Amino acid sequence: MPDQGRPSTGEQAKRHAFAQLRQAILRGDMAPAQRLVENELAEQFGVTRASIRAALIDLEAQGLVERIRNRGSRVRVVTVEEAVAITECRMVLEGLCAAKTAAKTAATADDAQLDRLTELGTAMTKAVADGDPLTYSQLNQELHTRIQEFSGQRTAVALLDRLNGQLVRHRFRLALRPGRSQHSLVEHLAMIEAIRARDPEAAEAAVRAHLTSVIEALRG
């Protein structure tokens, strides 16, 4: 039901529609190739069709939506090879963030950030022991997010946010693959260990090794 306190038109309405649609796609509530009907979405979010159309254009720019000629918009289907190409870009950007985080903690002696990464590693280890791949996947994403945040490399973080949004479906499938969490855990603990050692080169190498493994799993 529309929120009576929220404008149904204008820039604010477009931002609201954009945020709601983006979250629905990232959560998996909207499946790849699902049609996005402007009238239905306008009613669902309590905004005009114009606001929905503008939001879909912005989502298309982020690689989350594609417009099919004479058929309207749908959630973009990301092929395996596209997912591999995106992960290759992630390798460079996330490697940079890990190196920056290791260097930054070495310069500032910020043990609180290191402790947070260690806590995540412990929680990930427990999730694997408990046979809980969905919790592990959530913690996995949080670990990557924290490393990016701690790096202070805002440009890389913005680029990664856009890239990672396109990989949701592939990440979900990998998370549920038997044995993948156990294999991935070792790689993530190596990343944490390198950052805790305040070794930028080792941190970057650990991230690259992990994402190389992701690429192999995507192709497997």
Side-chain angles (χ1 to χ4, degrees), residues 1-87 89-90 93-94 120 127 132-149 154 156-177 180-181 184 214 217-218:
M1 178 178 294
D3 184 344
Q4 298 301 321
R6 184 178 61 245
S8 62
T9 62
E11 182 64 23
Q12 187 175 342
K14 186 202 79 169
R15 288 199 302 267
H16 170 73
F18 172 84
Q20 293 298 312
L21 281 166
R22 187 174 190 274
Q23 282 303 309
I25 293 171
L26 296 184
R27 286 194 307 264
D29 296 342
M30 294 179 172
Q34 179 175 331
R35 287 190 63 215
L36 301 170
V37 182
E38 292 178 3
N39 280 339
E40 294 176 0
L41 294 172
E43 183 176 354
Q44 179 179 347
F45 299 126
V47 298
T48 63
R49 282 188 62 186
S51 296
I52 292 294
R53 192 175 302 117
L56 291 174
I57 290 171
D58 287 352
L59 289 166
E60 182 180 11
Q62 288 203 354
L64 297 178
V65 165
E66 56 189 350
R67 297 179 70 84
I68 308 300
R69 188 173 182 180
N70 299 323
R71 297 185 64 184
S73 299
R74 69 177 189 177
V75 178
R76 181 167 172 252
V77 177
V78 177
T79 67
V80 169
E81 284 309 309
E82 286 176 313
V84 167
I86 291 168
T87 305
C89 294
R90 284 181 60 204
L93 294 168
E94 292 203 34
L120 284 169
D132 188 351
L134 294 181
T135 295
Y136 176 82
S137 180
Q138 293 169 355
L139 292 166
N140 174 354
Q141 292 180 46
E142 184 177 354
L143 175 64
H144 283 267
T145 299
R146 294 286 82 79
I147 291 172
Q148 294 166 33
E149 175 189 316
R154 294 183 180 178
V157 171
L159 290 168
L160 283 165
D161 182 59
R162 178 173 175 176
L163 292 172
N164 286 327
Q166 300 175 49
L167 294 175
V168 172
R169 185 62 50 173
H170 290 282
R171 278 182 167 178
F172 183 73
R173 289 175 178 168
L174 285 184
L176 296 180
R177 184 177 297 178
R180 178 60 198 167
S181 295
S184 168
V214 170
L218 285 168

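These figures come from a predicted structure and were not determined experimentally.
Between His144 and Asn140, the shortest heavy-atom distance links the atoms CD2-OD1, 2.9 Å. Closest non-hydrogen pair, Val75 versus Ala31, comes out as CB-O, 3.3 Å.
You'll find the side chain of Val65 reaches within 4.5 Å of the side chain of Ile25, heavy atoms only. Here the side chains of Val214 and Leu174 are in contact, with some heavy-atom distance below 4.5 Å. In this structure the side chain of Glu149 never reaches within 4.5 angstrom of the side chain of Val157, judged on heavy atoms. Looking only at side-chain heavy atoms (C-beta outward), Leu93 and Leu163 come within less than 4.5 Å of each other. Within the 4.5 Å cutoff, no side-chain heavy atoms of Gln138 are placed close to those of Gln141. Considering only heavy atoms from C-beta on, Thr48 comes within 4.5 Å of Ser51 through its side chain. Side-chain contact check for Gln44 versus Gln20: every heavy-atom pair is 4.5 Å or farther apart.
When only modelled atom types and interatomic distance are considered, Ser181 and Ser184 share no side-chain donor-acceptor pair under 3.5 Å.
A donor-acceptor contact shorter than 3.5 Å is absent between the side chain of Arg169 and the backbone of Val77. A donor-acceptor distance shorter than 3.5 angstrom exists from the side chain of His170 to the backbone of Val78, with no hydrogens or angles considered. Judged by distance alone, the side chain of Thr87 and the main-chain N or O of Ala83 form a donor-acceptor pair under 3.5 Å. Between the side chain of Gln166 and the backbone N or O of Gln62, at least one donor-acceptor pair lies under 3.5 Å. Side chain of Arg76 to main chain of Gly63: a donor-acceptor pair is present (N/O by atom type, distance under 3.5 Å, no hydrogens or angles).
The CG atom of Leu218 sits 7.5 Å away from the CZ atom of Arg177 when rounded to the nearest 0.5 Å. Atoms CD and CG, on Gln148 and Asp161 in that order, are 8.5 Å from each other to the nearest 0.5 Å. Rounding to the nearest 0.5 Å places CG of Leu64 at 6.0 Å from CG of Leu26. Atom CG of Leu160 is separated from atom CD1 of Ile86 by 11.5 Å, given to the nearest 0.5 angstrom. Residue Leu59 holds its CG atom at 11.0 Å from CZ of Arg67, rounded to the nearest 0.5 Å. In this structure, CG in Leu120 is found 9.0 Å from CD1 in Ile147, a value given to the nearest 0.5 Å.
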message: Quick one, Ile68 with Arg35, criterion side chain to side chain contact (heavy atoms under 4.5 Å, CB included). Give me CA distance, side-chain angles, the key distance, then yes/no.
response: CA-CA 10 Å; Ile68 308 300; Arg35 287 190 63 215; over 6 Å; no
task: Carefully, step by step, assess Arg146 and Glu142 under the rule side chain to side chain contact (heavy atoms under 4.5 Å, CB included).
output: CA-CA 6 Å; Arg146 294 286 82 79; Glu142 184 177 354; 3.5 Å; yes
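For the salt bridge (Lys or Arg N to Asp or Glu O under 4.0 Å) with Arg49, the lone residue among Glu40, Glu43, Glu38 that qualifies is Glu38.
Within 6.0 Å of atom CZ in Arg154, 12 or fewer heavy atoms from other residues, nucleotides or ligands are found, so the atom counts as exposed in its surroundings.
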